[in-house]
Protein chains: 2
Amino acid sequence: MTRPAQIHDVAARAGVSPSSVSRALNGGRHVSPAVQARVLRAAEELGYEPNLNAQGLRGQASRTVGCLVSDVSNPLYAELVSAAEARLQDEGYLFVLGNSHGDMARELALIRLFRRRRMDGLIVALNNETHPDLLREIEQTAVPLVLLDRDVSVERDRVSADHRGGAYAAARHLIDLGHRDILLVTPGHQVRPGRERMAGMESAFRDAGLAPEGLTFSLQASSIAFVFSDVKQALAGPRPPSAIVVLGTQMLAGTLSAIASCGLEVPGDVSVISIGDTDLARYAAPGITALRWDLKNVGRQAAELLLARFGGDVAPPRAVVFPMELIIRKSCSPPGSNRRGAR
Amino acid sequence: MTRPAQIHDVAARAGVSPSSVSRALNGGRHVSPAVQARVLRAAEELGYEPNLNAQGLRGQASRTVGCLVSDVSNPLYAELVSAAEARLQDEGYLFVLGNSHGDMARELALIRLFRRRRMDGLIVALNNETHPDLLREIEQTAVPLVLLDRDVSVERDRVSADHRGGAYAAARHLIDLGHRDILLVTPGHQVRPGRERMAGMESAFRDAGLAPEGLTFSLQASSIAFVFSDVKQALAGPRPPSAIVVLGTQMLAGTLSAIASCGLEVPGDVSVISIGDTDLARYAAPGITALRWDLKNVGRQAAELLLARFGGDVAPPRAVVFPMELIIRKSCSPPGSNRRGAR
DNA sequence: TTGTAAGCGTTATCAG
DNA sequence: CTGATAACGCTTACAA
């Protein structure tokens, strides 16, 4: 294999100087059409590919965006990431993905790595909103940065979903059906979505004048780990929930398994609402009533905010919040619907 | 915001030359412990972060790997990508993700972009295995490259799944149950998995001495688009399939919808096998019998092959094939099980 | 419009 | 063990 062509080679072949090649290839201003044409052809013939490391070093934007999430294999993130990537790709940006797997050390390392790469912008969903090291890391990031669905006390663009409103609506729906004992299964309160969901459901209980003891939480550190046993334990407990609100990822999977393995049915014995309208929620049987928000739009919006900043937008940080909508399916009914049946 | 610290600043602060800083920071050989310590402290105090563009330019490996898939929001890819990324991250590599969305122009552009970035290695799942432009692009790629589940006529490392064997097992299972009319719903024959699936099912029909007309295909260009209407049409046709084998992504979702919207039931009216043991297959009701292969392992293996090459492995290209296993659930029964019922 | 030359931040080579 | 020096490949003043 031969050395890749350099700007120098193109220049030689076109019979011009490297600077003319550079000008001809970027923008094409201050170059005569004749030279422009010759350069283009020479570059084509040589299969010239500018070295982006060198371009980046010389001071240009690197046209690269870093994205940090806990795990793309989470379908919620996957959809968001895919949309953000698509939008940025349209503008010629490269998209670097880092999965933290919930590990703070990895988050720190990744943000640092992103910075060393001199990325033009970052999209981040931290797993820890308060740790000073992480905060410092964010603050030290000079390039545009969009916070995904997190409340971090730094002045940055952010895009979030209205988890509070969504949770309120979900709780309200269940309360209206007569439920008084509801279990919320969600990633924990160290991040915004969890906190907001709890707050939303609590205020629904309050507004309905219900005893707050009816609301219990199963706060999960990892997406999958202990949901099954937690839910099973709750259902076997002294005051089992008659309804469960659960994140529509593997957590929903674990919850449905747990319910089934207790010999219970949805919705007869337990009503279920999924947070996030995933395939699983949509096509489980019975269809699971779900809180939907437009993840593609969230991802696109994050990209859009970055692109605006790249374009020189210096307005104060924006916060975009996407609404959540309750999609009614068949997984909710009044509590005790099944009690008449033999079991 | 102040200019980020450079090696020069660290050198000044530690009272040594830039070269010593470089040596102290990388490996730390040929440096006295005293200098080493001072440099480390100075770097720490200044928050020095080496510019990877410069490092890359200077000729080092860029410690970056590019990955091209059609869409991470496809749960099959998401899992694979997540595993590959995790493994590479462990070794300090940055993972650049490109979604082609099935568009060949994007694929070309991305591979080119990857090369310009002087990536150390590539993991690619092309959507087109034969187009000369793409082939040339692959051949021109000097760095290690792993082909994901594709038959491209170039000598490269590849990791694949045994779709043929899996499809054979699935067809066999259905044939043993008595099915003679089976529909296969899969992305088309322009890529390996589709072709292999068709071949596997065809040979199961042949081995069973069955008429090949019983086997029909619904070849889908895009993951989601026309599955619903295609399946619906097939079920309403003159010789409706009594069983459907379908990719466990949104295609499975579309298929289940189509079956339901025809007023049919699984497995009473139609048996279903999912290719890929996705959450949807696992938790749909009834549970969908599925072909499982270890996607995490596939992703990890792709990463592993690259890492071996980075480590200087010069063996001829390897081909790793992962087996598929049929997980029996409740979505398959003998054909016509429901005919006695009123419908 | 075009070419010359300097420099982006790092590391490898080579003296000392 | 340490420091000067020369690249790496590109862009951009500046001069012609």
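Because the structure is a prediction, the values reported are computed rather than measured. To find a chain, count down the sequence lines: A is the first, B the second, and so on, and within it residues start at 1.
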Protein-nucleotides 12-16 of chain C N/O pairs closer than 3.5 Å?
unit_1	atom_1	unit_2	atom_2	d
C:dA12	OP1	B:Gln60	NE2	3.2
C:dA12	O4'	B:Arg58	NH2	3.3

In terms of the nearest nucleotide of DNA chain D, which residue is placed more toward the 5' end: B:Ser32 or B:Ala54?
B:Ser32

Upstream residue (5' side of DNA chain D) when B:Val35 and B:Arg118 are each assigned their closest nucleotide
B:Val35

If you round to the nearest 0.5 Å, how far is [atom2] of [Y] from [atom1] of [X]?
{"X": "B:Leu57", "Y": "B:Ser62", "atom1": "CG", "atom2": "OG", "answer": "11.5 Å"}
{"X": "B:Cys67", "Y": "B:Leu97", "atom1": "SG", "atom2": "CG", "answer": "6.0 Å"}
{"X": "B:Leu122", "Y": "B:Arg156", "atom1": "CG", "atom2": "CZ", "answer": "8.5 Å"}
{"X": "A:Asp9", "Y": "A:Tyr48", "atom1": "CG", "atom2": "OH", "answer": "9.0 Å"}
{"X": "A:Arg87", "Y": "A:Ser82", "atom1": "CZ", "atom2": "OG", "answer": "14.0 Å"}

Could you tell me the separation between the [atom1] atom of [X] and the [atom2] atom of [N], rounded to a whole number of Å?
{"X": "A:Gln36", "N": "C:dT1", "atom1": "CD", "atom2": "P", "result": "11 Å"}
{"X": "A:His8", "N": "D:dC8", "atom1": "NE2", "atom2": "P", "result": "11 Å"}
{"X": "A:His30", "N": "D:dT11", "atom1": "NE2", "atom2": "P", "result": "15 Å"}
{"X": "A:Arg29", "N": "C:dT2", "atom1": "CZ", "atom2": "C1'", "result": "17 Å"}
{"X": "A:Leu57", "N": "D:dC8", "atom1": "CG", "atom2": "P", "result": "14 Å"}
{"X": "B:Leu25", "N": "C:dT10", "atom1": "CG", "atom2": "P", "result": "10 Å"}
{"X": "B:Ile7", "N": "D:dA4", "atom1": "CD1", "atom2": "P", "result": "14 Å"}

Return the set of residues passing side-chain contact (heavy atoms from CB on, under 4.5 Å) with B:Ala83 (not counting sequence neighbours), or none when no residue passes.
B:Lys296

Look at the side chain of B:Arg115 and the backbone N and O of B:Ala142, then say whether any donor-acceptor pair between them is shorter than 3.5 Å.
no

Would you confirm whether B:Glu49, through its side chain, and B:Pro4, through its main-chain N or O, come within 3.5 Å as a donor-acceptor pair?
no

Please list residues of residues 38-51 of chain B whose heavy atoms come under 4.0 Å from any atom in DNA chain D, ordered by number; otherwise none.
none

Options C:dG3, D:dG3, C:dG9, nucleotide nearest the side-chain atoms of A:Val16
C:dG3

From CA spacing to verdict: salt bridge (charged side-chain N to carboxylate O under 4.0 Å, His left out), B:Glu129, B:Arg192:
CA-CA 8 Å; B:Glu129 297 173 322; B:Arg192 179 190 133 93; over 6 Å; no

Between A:Gln55 and D:dT11, is there a side-chain N or O to OP1/OP2 distance below 4.0 Å?
yes

